[in-house]
Amino acid sequence: MRVALLSMMEQAHAGDSATRASLRLGGATLAHHQLLVALALGAERIVCVARYLDNDLIALQYEAERAGAKFNMISEARALSGLITANDDILVIADGLVPVRSDAHALIGQSAVILTLPAEVAVPLGYE
């Protein structure tokens, strides 16, 4: 089973309660764009890491379930152990990252890969 892990934890701005995932692009939240990419890549389960349940997360759940995917919300990584197995293919999309669907499909498709950025490029952009 392909499982998509979406993070909704990072603040959009320092001192702001809004998360990066709740920011809007083209009228939809970044989390919604991530969900569409995950579903296009064949995710059968969507796991959202979030601090609390809000209207955006509920809308995301309904969208995932309408598309036939299972949906889980967790508040800490420890809860993942009950949702994934060694046979699962895990798709992790960084908090606030919106991959282009066609590019993601071309790079990931049906094969197992790990996509990375070189440190010289990634660190100045805020990746660790």
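As a basis for the values below, the full set of heavy atoms in this structure was taken, side chains included, without hydrogen atoms, waters or symmetry mates. Sequential numbering from 1 along the given sequence is applied to the chain's residues. The model shown is predicted, which means the values in this text are computed figures rather than measured ones.
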Q | For Leu30, the option from Leu23, Leu97, Leu6, Asp95 that meets side chain to side chain contact (heavy atoms under 4.5 Å, CB included) | A | Leu23

Q: Would you name the heavy atoms of Ala43 and Ala69 that are closest together and state the gap between them?
A: O-CB, 4.1 Å

Q: Rounded to the nearest 0.5 Å, what's the gap from CZ on Arg45 to CE on Met1? Could you check?
A: 5.0 Å

Q | Gap separating the CG atom of Leu39 from the CD atom of Gln34, nearest 0.5 angstrom | A | 12.0 Å

**Q.** Atom pair CE/CG of Met73 and Leu57 - distance to nearest 0.5 Å
**A.** 6.0 Å

Q. Rounded to the nearest 0.5 Å, what separation is found between the SG atom of Cys48 and the CG atom of Leu60?
A. 5.0 Å

Q. Considering the options Ile84, Val49, Leu83, which one meets the side chain to side chain contact (heavy atoms under 4.5 Å, CB included) requirement together with Leu5?
A. Val49

Q: Take Lys70 and Glu44 through the test side-chain contact (heavy atoms from CB on, under 4.5 Å) and record every step on the way to the result.
A: CA-CA 6 Å; Lys70 297 174 182 155; Glu44 299 171 64; over 6 Å; no

Q.
Any heavy-atom pair between the side chains of Asp56 and Arg24 that's under 4.5 Å?
A. yes

Q: Is it possible for you to say whether Tyr62 and Leu35 belong to one hydrophobic cluster, with membership spreading through side-chain heavy-atom contacts below 4.5 Å?
A: yes

Q | Any donor-acceptor N/O pair, Arg2 side chain to Leu91 backbone, under 3.5 Å | A | no

Q: Supply the atom-to-atom distance Leu36 CG to Leu41 CG, rounded to the nearest 0.5 angstrom.
A: 11.0 Å

Q: Examine Val37 and Ile46 and state if one hydrophobic cluster contains both, with Ile, Leu, Val, Met, Phe, Trp and Tyr joined whenever side-chain heavy atoms are less than 4.5 Å apart.
A: yes

(Q) Treating Asp88 as the side-chain partner and Val3 as the backbone partner, does any N or O pair qualify as donor plus acceptor under 3.5 Å? (A) no

**Q.** Heavy-atom side-chain proximity of Met9 to Thr19 below 4.5 angstrom
**A.** no

Q: Spell out, yes or no, whether Ile93 and Phe71 are grouped together once hydrophobic residues are joined by side-chain heavy atoms under 4.5 Å, including indirect joins.
A: yes

Q | Ala21 versus Ser7, closest heavy-atom pair with distance | A | CB-O, 4.2 Å

